[in-house]
Amino acid sequence: MSRILAIDYGKKRTGLAVTDALQIIANGLCTVPTTELLDFVMQYVAKESVEMIVVGHPKQMSGEDSENMCRIVPFVNRLKKMLPQVKVEMFDERFTSVLAHQAMIDAGLKKKARQNKALVDEISATIILQSYLESKSQS
């Protein structure tokens with residue numbers, strides 16, 4: 001089997017997570033500057049077998065798209081064009097930052113470590129991916 005890559009797209013930084021080859025467990029991969037994201041994804045897909053990319057779909061509480069969608073849609077369209085062999089799917093990312101902060105607290109990280117925005121982004125991507133995996137196993 002191939003891996004699934006998850007992207008928590010941000011204005012400045014983007015968190016990434018990936019599954020194991022059996023698509024059972026989501027693990028944080030890294031955080032990259034958003035300006036380098038497309039190059040990073042292309043290099044990663046060139047060396048690893050990736051079946052799908054899950055991009056966090058930012059929504060407001062009302063269910064409407066958040067303002068970040070104006071940046072995500074062009075990125076997703078470029079991704080689909082450059083990697084036509086890889087399925088790209090959007091997945092609701094509401095509350096992932098809150099869940100990431102809670103996970104850091106539960107893990108016993110000190111306040112200074114919890115202020116590391118790159119770590120929050122990576123954990124958020126992991127939560128998006130794990131939530132995606134759980135939603136697929138229930139259907």
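The first residue in the sequence is number 1, and the count goes up from there. Basis for what follows: all heavy atoms, side chains included, without hydrogens, waters or symmetry-related copies.
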Separation between NE2 (His57) and CG (Asn68), nearest 0.5 Å, reads 10.5 Å
Note: Val55 and Val88 closest approach over all heavy atoms is CG2-CG1, 4.1 Å
Can you find a pair of side-chain heavy atoms, one from Thr19 and one from Ile24, that are under 4.5 Å apart? no
* Do Met90 and Met82 share a hydrophobic cluster, counting only Ile, Leu, Val, Met, Phe, Trp and Tyr and linking them when any side-chain heavy atoms are less than 4.5 Å apart? -> yes
| said: Quick check against the 3.5 Å criterion: does Thr126 have a side-chain atom that pairs as donor or acceptor with the backbone of Ala26? | reply: no
Rounded to the nearest 0.5 Å, the CZ atom of Phe75 sits from the CG atom of Leu37 at a distance of 4.0 Å
If two hydrophobic side chains count as joined below 4.5 Å and joins carry through other members, does Val45 share a cluster with Val54? no
Between Thr31 and Ala118, the two heavy atoms sitting closest are OG1-O, 2.7 Å
Rounded to the nearest 0.5 angstrom, the CD1-NZ distance for Ile53 and Lys80 is 11.0 Å
Closer than 3.5 angstrom, by distance alone: can the side chain of Asp8 be matched with the main-chain N or O of Ile128 as a donor-acceptor pair? no
Rounded to the nearest 0.5 angstrom, the CD1-OG distance for Ile7 and Ser124 is 14.0 Å
For this session: Say whether Ile123 and Leu29 are linked into one hydrophobic cluster, either directly or through other cluster members, by side-chain heavy-atom distances under 4.5 angstrom.
Result: no
Taking the side chain as C-beta and beyond, is there a heavy-atom pair between Leu5 and Val86 under 4.5 Å? no
Is any side-chain heavy atom of Thr14 less than 4.5 Å from a side-chain heavy atom of Phe40? no
Can you get from Ile4 to Leu79 by hopping between Ile, Leu, Val, Met, Phe, Trp and Tyr side chains that sit under 4.5 Å apart?
no
Shared hydrophobic cluster, Met42 / Val76 (ILVMFWY, side-chain heavy atoms < 4.5 Å): yes
Quick check: does any side chain N or O of Arg3 sit under 3.5 Å from a backbone N or O of Val50, one acting as donor and the other as acceptor? no
Distance col, row Leu16:CG vs Asn27:CG, nearest 0.5 angstrom, shows 13.0 Å
Here the pair of heavy atoms bringing Ala125 nearest to Ala6 is O-CB, 3.7 Å
Checklist entry - Less than 4.5 Å apart, any side-chain heavy atom of Met52 and any of Gln23? => result no
Interatomic distance, CD@Glu67 vs NZ@Lys11, rounded to 0.5 Å, equals 7.0 Å
